[in-house]
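When a residue number appears, it is its place in the shown sequence, counting from 1. Whatever order the structure lists ligands and atoms in, that order sets their numbers, starting from 1. This structure is a prediction, so every number in the text was calculated from the model and none was measured.
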Amino acid sequence: MTEPLVVAIDGPAGSGKSTVARAVAARLGLEVLDTGSMYRAVTSLAIRAGVDPHDTDKVTILAREADLGVGERVTAGGVDLTDTLRTDAVNDTVSVVASIPAVRRELVERQRAWVAEHGGGVVEGRDIGSVVFPRAAVKVYLTASHTERARRRGEEAPESVARRDLLDGGRTVSPLVVASDAHVLDTTDRAIDDVVEEILSWL
Ligand code: DC
């Protein structure tokens with residue numbers, strides 16, 4: 001059996017992952033899985049339930065029991081969480097939730113199941129090429145200058161983005177790293193079409 005086609009797109013906040021992932025997926029006729037939205041959804045659920053994000057046991061139970069639906073809208077048990085995912089409360093807490101090993105194990109399993117169900121996909125995150133799909137057909141690691149990343153993040157304060165970068169890059173489990181066989185692409189002064197063409201040329 002041939003393996004489903006997976007394009008792994010990793011990189012820090014504001015590196016252009018979502019835009020690039022959507023454009024590459026459209027060209028290949030694949031769907032996009034935004035794994036950051038899954039970590040954000042669990043964080044949002046913890047906040048709603050009044051669970052301390054540092055309480056690893058409780059957050060893990062929430063993650064295991066969450067009936068997550070990820071797509072254009074992100075839902076849990078029918079409740080639409082989409083509008084809560086980019087609030088300051090979630091931005092400030094998501095790195096804590098994403099550093100819990102059992103939460104990562106749970107979400108990684110779901111990410112693999114999603115790809116199996118969808119027959120492949122463009123998957124964006126932080127550890128996709130390094131941990132989730134080490135055999136992805138193409139691994140892309142996007143970067144951009146600090147100024148450009150802050151500009152793209154718009155409403156989110158640069159300090160908040162910098163803090164998440166530090167936590168995401170420094171955690172012990174699946175830190176943000178460049179997979180050894182990833183193509184590193186700086187998107188700072190590049191047109192989106194140009195970036196997409198380059199990625200497609202690697203397939
Ligand atoms: O891509 P994003 O900014 O929506 O990600 C939100 C947070 O989730 C970010 O702090 C890093 C974390 N994350 C992760 O640890 N692993 C992933 N595969 C995706 C996101």
Presence of salt bridge, Arg105 and Glu109, under 4.0 angstrom:
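No.
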Check whether Thr75 reaches the backbone of Gly78 with its side chain - one donor and one acceptor, N or O, closer than 3.5 Å.
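Looks like no, no N/O pair under 3.5 Å.
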Is Val123 linked to Tyr141 within one hydrophobic cluster, defined over Ile, Leu, Val, Met, Phe, Trp and Tyr using a side-chain heavy-atom separation of less than 4.5 Å?
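No, no single cluster joins them.
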Any chance the side chains of Glu106 and Thr60 put a donor and an acceptor closer than 3.5 Å?
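Looking only at side-chain atoms, Thr60 and Glu106 do not form any donor-acceptor pair under 3.5 Å.
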Using a distance-only test with no angle check, is there a side-chain donor-acceptor pair under 3.5 angstrom linking Thr187 and Arg152?
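Side chains of Thr187 and Arg152: pair found under 3.5 Å.
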Salt bridge (Lys or Arg N to Asp or Glu O under 4.0 Å) against Asp80, all qualifying residues, sequence neighbours excluded
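Arg73.
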Between ligand 1 and the protein, which N/O pairs are shorter than 3.5 Å?
{"residue": "ligand 1", "atom": "1 (O)", "partner": "Arg126", "partner atom": "NH1", "Å": "2.9"}
{"residue": "ligand 1", "atom": "3 (O)", "partner": "Arg40", "partner atom": "NH2", "Å": "3.1"}
{"residue": "ligand 1", "atom": "3 (O)", "partner": "Arg126", "partner atom": "NH2", "Å": "3.2"}
{"residue": "ligand 1", "atom": "3 (O)", "partner": "Arg164", "partner atom": "NH1", "Å": "3.1"}
{"residue": "ligand 1", "atom": "4 (O)", "partner": "Arg40", "partner atom": "NE", "Å": "2.7"}
{"residue": "ligand 1", "atom": "4 (O)", "partner": "Arg40", "partner atom": "NH2", "Å": "3.4"}
{"residue": "ligand 1", "atom": "10 (O)", "partner": "Ser95", "partner atom": "OG", "Å": "3.4"}
{"residue": "ligand 1", "atom": "10 (O)", "partner": "Asp168", "partner atom": "OD1", "Å": "3.2"}
{"residue": "ligand 1", "atom": "10 (O)", "partner": "Asp168", "partner atom": "OD2", "Å": "2.9"}
{"residue": "ligand 1", "atom": "15 (O)", "partner": "Arg104", "partner atom": "NH1", "Å": "2.8"}
{"residue": "ligand 1", "atom": "15 (O)", "partner": "Arg104", "partner atom": "NH2", "Å": "3.4"}
{"residue": "ligand 1", "atom": "15 (O)", "partner": "Arg171", "partner atom": "NH1", "Å": "2.9"}
{"residue": "ligand 1", "atom": "15 (O)", "partner": "Arg171", "partner atom": "NH2", "Å": "2.8"}
{"residue": "ligand 1", "atom": "16 (N)", "partner": "Arg104", "partner atom": "NH2", "Å": "3.0"}
{"residue": "ligand 1", "atom": "18 (N)", "partner": "Thr35", "partner atom": "OG1", "Å": "3.0"}
{"residue": "ligand 1", "atom": "18 (N)", "partner": "Arg126", "partner atom": "N", "Å": "3.2"}
{"residue": "ligand 1", "atom": "18 (N)", "partner": "Asp127", "partner atom": "OD1", "Å": "2.8"}

